[in-house]
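As a basis for the values below, the full set of heavy atoms in this structure was taken, side chains included, without hydrogen atoms, waters or symmetry mates. Lettering follows sequence order; numbering is per chain, from 1.
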Amino acid sequence: MIKLENISFDHCIKCTVCTIYCPVARVTHLYPGPKQSGPDTERLRIKNPELLDVSLKYCSNCKRCEIACPSDVKIADIIQTAKWRYSKKELRIRDFLLSRTDLMGTFGTLFSAIVNFFTHLGMVKYFLDVIFKIPSGRTFPNYASGTFTKWFKSVRKYQDNYADKVIYFHGCYVNYNYPQLGKDVVKVVNALGKGVIITKEKCCGVPLIANGYIKKAQSHGRHNIKVLSSALPDDKTKIVSASSSCTLALKHEYPNLLELDNSPIINNITYITQFILEEFEKGNILRLKPLSYTVAYHSPCHLERMGSAAFTIELLRKIPALTVKILHSECCGISGTYGFKNEYYGISQSVGNELFRIIDEAKPDFVVTDCETCKWQIEMNTKYKVIHPISLLAEAIE
Amino acid sequence: MRYDCIIIGAGVAGLTAGIRCAKEGLHTAIISSGMSALHFSSGSIDLLGYRDNAVVYKPFEAIDQLTGTIAQHPYTKCGKPLIIEALLFFKQECEQQGLFLFDNGNLNHFHVTTLGTLKPTYFSQRSVFNEDVYSRFKAMKKIVIINFEGYRDFHPQLAAAQLSKHSLFANCEIVAKQIEMPQLQDDGKYPHEFRSIDIARIFEKEANIEKIADLIRLAAKDADFVVMPAVMGITNFNQIHNKLQSRTRLLVYEVPTLPPSILGMRIDNALKSRFAELGGVYIAGDKVVRADITDDVVNAIYTNSHPENPMEAQCYILSTGSFFSGGLVSEFDNMYEPIFKLKLHHEPERNKWYNQNFFHRDSHAFLQYGVLTDESLRPYDSNNNIIQNLYCSGAIMAHYNPIKEGCGSGVAISTGYKAAGQIINLLKRMS
Ligand SMILES: Cc1cc2nc3c(=O)[nH]c(=O)nc-3n(C[C@H](O)[C@H](O)[C@H](O)COP(=O)(O)OP(=O)(O)OC[C@H]3O[C@@H](n4cnc5c(N)ncnc54)[C@H](O)[C@@H]3O)c2cc1C
Ligand code: SF4
Ligand code: SF4
């Protein structure tokens with residue numbers, strides 16, 4: 001049965017605009033592009049799942065095609081759904097491990113020193129390449145030596161001093177790889193006169209979706225909707241996230257791809273820079289000291305898909321003395337776990353080349369972006385350090 | 001978020017307005033749900049090509065006549081002096097981004113269509129119209145029309161046959177040729193679909209240009225003119241064109257293709273970059289779904305992605321285009337403007353909307369339908385009240401037919417420019 005709301009492929013006027021803006025189709029002809037992999041062949045797949053064209057695995061789910069489509073076709077959703085609905089899933093240990101960010105994270109942070117040491121070792125990289133098909137050229141993000149949630153226990157009591165609360169969905173990256181960003185979020189939210197609540201969240205599901213573990217993603221989604229909604233003291237309280245992909249998952253992928261009812265939380269979920277700007281507009285303004293840097297801002301694909309990049313840009317412009325160069329919107333190529341796989345590594349690097357070039361051209365002091373995987377990709381491929389806008393803001397707070 | 005001005009829709013109209021507002025220092029945002037009609041257009045700016053089913057050669061004289069007779073026409077609301085100012089503004093802003101538009105002074109010029117017909121227009125890009133093209137057109141003896149093997153969206157034989165029917169080419173030999181592209185792709189494979197964009201990407205790789213130029217020269221060595229589908233790249237088209245011409249020592253001319261239109265995308269690219277350069281905020285991929293209006297003033301608009309978070313501005317511009325782009329919506333027996341539910345000019349009976357003959361000279365009535373506005377481009381709500389801080393521009397406006405009159409982009413530029421001007425003046429008066 002085709003659900004009536006899922007026939008957006010029928011609105012396609014065959015204009016090929018999506019394929020123009022697809023970063024993967026731009027660099028390789030192994031991928032026929034969103035028009036053909038999405039609306040064109042969806043009608044065939046509905047008729048006969050055997051007509052599945054395996055090349056749609058090349059789609060990185062960056063969603064740039066959907067931003068460009070003049071007819072509102074949910075192209076990337078069609079492709080992701082087809083990937084899991086029609087293809088026979090062969091279990092791959094690599095995909096399993098890459099997608100279990102929370103499992104890997106728990107392990108990684110427990111033994112961070114050992115894990116970090118090994119993942120940077122040439123020999124280990126070679127084995128990862130041969131056995132797991134993980135490219136040896138790829139630099140791995142480090143695991144932190146303690147999780148964010150563990151640190152948060154030390155400040156939880158303090159949060160009760162604030163009457164107003166904000167729920168913070170920190171995500172796996174903050175918890176296992178980069179607790180400092182979480183600490184910066186807490187600092188900023190506290191500076192705005194609000195306390196932070198965290199819940200027993202699970203991975204938002206983005207890496208699970210990307211690797212085709214849809215059932216698992218659905219169960220994580222259901223869990224998150226439940227814990228977040230029951231933690232809400234009232235319907236005005238915001239659920240913020242500083243990860244563009246987590247926010248997209250909670251808001252967009254849950255209902256559209258995972259077919260979950262996220263109505264109890266959808267109006268509360270706010271990307272962090274938007275939340276802060278709204279506070280500013282209510283008169284709750286942070287006093288910021290000048291930061292005389294020149295930064296290049298890269299807007300992540302998933303933030304663009306939510307129409308939220310403007311919030312971050314606006315917020316950065318509020319920091320005194322900061323010079324912000326807005327980079328032309330380009331995909332960095334990593335697309336989450338995509339760039340961690342041998343078969344896509346070359347594509348991922350070619351996609352990013354244009355971005356790396358314009359970053360070098362901009363000659364900033366450092367790069368600012370909202371997405372953790374963009375950060376890895378840019379740090380690996382340029383000489384610049386990459387900072388989250390919230391960390392910059394935290395630095396500017398007096 | 002709060003702005004001075006929010007523009008809904010990033011077509012020619014919205015981008016022209018956005019650039020003018022940003023240039024005046026207004027805090028401006030443009031929000032657009034998808035790519036605009038530029039991606040399907042010829043990439044030439046039509047000002048006024050036809051009146052009473054006859055070709056217009058002197059557009060400004062025809063505009064004088066038109067503004068004297070059709071009170072409701074958007075050109076009448078703008079007036080000729082403002083139209084001239086707007087065209088110059090548009091041309092200069094494009095130039096800032098290295099996109100050069102050529103005109104024939106007070107006259108229209110003609111561009112060759114995909115089918116080989118000639119169409120009157122006002123501005124064209126250098127590869128379509130310039131002094132050389134103009135001066136040599138009359139004396140030419142041989143034209144070679146080239147296509148690239150595997151490209152099915154252009155038919156040189158058809159274009160050649162059509163073009164030779166024209167009196168201008170009575171003494172001219174027109175030949176169709178096919179070029180086999182070498183396996184230029186990075187992975188040695190042809191794309192699954194070979195569209196204008198795929199060829200444009202081959203052209204954009206600098207290493208390929210010489211090889212292609214040599215193939216063109218071989219196919220067209222004794223021609224005065226080489227005509228090819230418009231695929232000479234989206235960003236570095238000036239260099240590509242120069243290189244092709246100097247290496248082939250031929251005049252290379254581009255013909256607009258079926259969508260996606262590379263010529264149109266160059267304009268899209270130039271305007272968006274210019275807007276960003278001026279500090280404008282461009283929000284892509286989000287759709288405005290409703291507005292909050294009290295006492296004939298728009299307080300805020302809401303989008304698909306942020307249904308609960310208002311976007312606020314002092315003034316708004318509605319440039320969401322016509323039926324094709326979703327600015328207007330038609331159902332079986334009614335039509336409406338989806339965001340503000342504005343008053344429309346249209347016939348209620350469906351059978352009056354269109355012409356039975358699809359290609360009829362009189363075109364279709366629905367193309368004239370759209371929102372009604374006052375002299376300063378402010379629309380009426382369904383109770384016939386003027387909305388005070390909303391202005392309309394481009395294809396969403398009523399009382400003109402872009403196809404029949406050949407005036408689509410001219411109207412979009414003029415009304416976008418005027419709407420921005422109204423807002424700039426209003427905000428100046430208020431402060
Ligand atoms: C196929 C085609 C070819 C044409 N070719 C030519 C040509 O060669 N030369 C010429 O002079 N004229 C041409 N025209 C006429 C054309 O209409 C005008 O030239 C001009 O491009 C219209 O610009 P616009 O800005 O008014 O609207 P559009 O270009 O239609 O742009 C409207 C924009 O608004 C966006 N939008 C709509 N609803 C919403 C919403 N709710 N929220 C956010 N965004 C929204 C759309 O996604 C779109 O990007 C052509 C028109 C069409 C349809
Ligand atoms: S952009 Fe949209 S309408 Fe155009 S081909 Fe792609 S899916 Fe179809
Ligand atoms: S989601 Fe990204 S990679 Fe996938 S088809 Fe769309 S644009 Fe291409």
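- Within residues 314-328 of chain A, the residues approaching chain B closer than 4.5 Å by heavy atoms are, in numerical order, E314(A), R317(A), H328(A).
- Ring-centre distance between F324(B) and F40(B): below the 6.0 Å cut-off.
- Of all the listed residues (P259(B), S36(B), P260(B)), the one sharing the greatest number of non-hydrogen pairs under 4.5 Å with chain A is P260(B).
- Contact of K63(A) with chain B is not made at all, since no heavy-atom distance falls under 4.5 Å.
- For an aromatic pair to be called close, the ring centres must be under 6.0 Å apart, and F323(B) with H364(B) fails this.
- More than 12 heavy-atom neighbours from other residues, nucleotides or ligands sit within 6.0 angstrom of CD on E281(A).
- A276(B) does not touch chain A: none of its heavy atoms, backbone or side chain, sits under 4.5 Å away.
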Output, in order, the C-alpha distance, side-chain angles, deciding distance and verdict of salt bridge (Lys or Arg N to Asp or Glu O under 4.0 Å) for K282(A) and E278(A).
CA-CA 6 Å; K282(A) 285 184 211 150; E278(A) 280 168 7; 5.8 Å; no
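- Using a 4.5 Å heavy-atom threshold, the side chains of F148(B) and V231(B) count as touching.
- Using cut-offs of 30° and 60° for the angle between ring planes, the F194(B) and Y151(B) rings count as perpendicular.
- Considering only heavy-atom pairs separated by less than 4.5 Å from chain B, the leading option among H252(A), K14(A), Q274(A) is Q274(A).
- Heavy-atom distances place no part of F280(A) under 4.5 Å from chain B, backbone and side chain included.
- Heavy-atom distances place the side chain of L277(A), and not its backbone, under 4.5 Å from chain B.
- Within a 6.0 Å sphere centred on NZ of K236(A), heavy atoms belonging to other residues, nucleotides or ligands number 12 at most.
- In this structure, the portions of A310(A) lying under 4.5 Å from any heavy atom of chain B include both its backbone and its side chain.
- Residue C15(A) touches chain B through both its backbone and its side chain, counting heavy-atom pairs closer than 4.5 Å.
- Only the side chain of D268(B) comes within less than 4.5 Å of a heavy atom in chain A; its backbone stays farther off.
- When side chains are defined from C-beta on, S37(A) does not count as touching C59(A), because their heavy atoms never get closer than 4.5 Å.
- Neither the backbone nor the side chain of T270(A) comes within contact range of chain B; no heavy atoms are under 4.5 Å apart.
- At a 4.5 Å heavy-atom cutoff, the contact between I13(A) and chain B is made by side-chain atoms alone.
- Between Y21(A) and I67(A) there is no side-chain heavy-atom pair separated by less than 4.5 Å.
- Contacts of K272(B) with chain A are absent, with no heavy-atom separation under 4.5 Å from either backbone or side chain.
- Top candidate by heavy-atom pairs under 4.5 Å with chain B, chosen from I20(A), N267(A), V17(A), T16(A), is I20(A).
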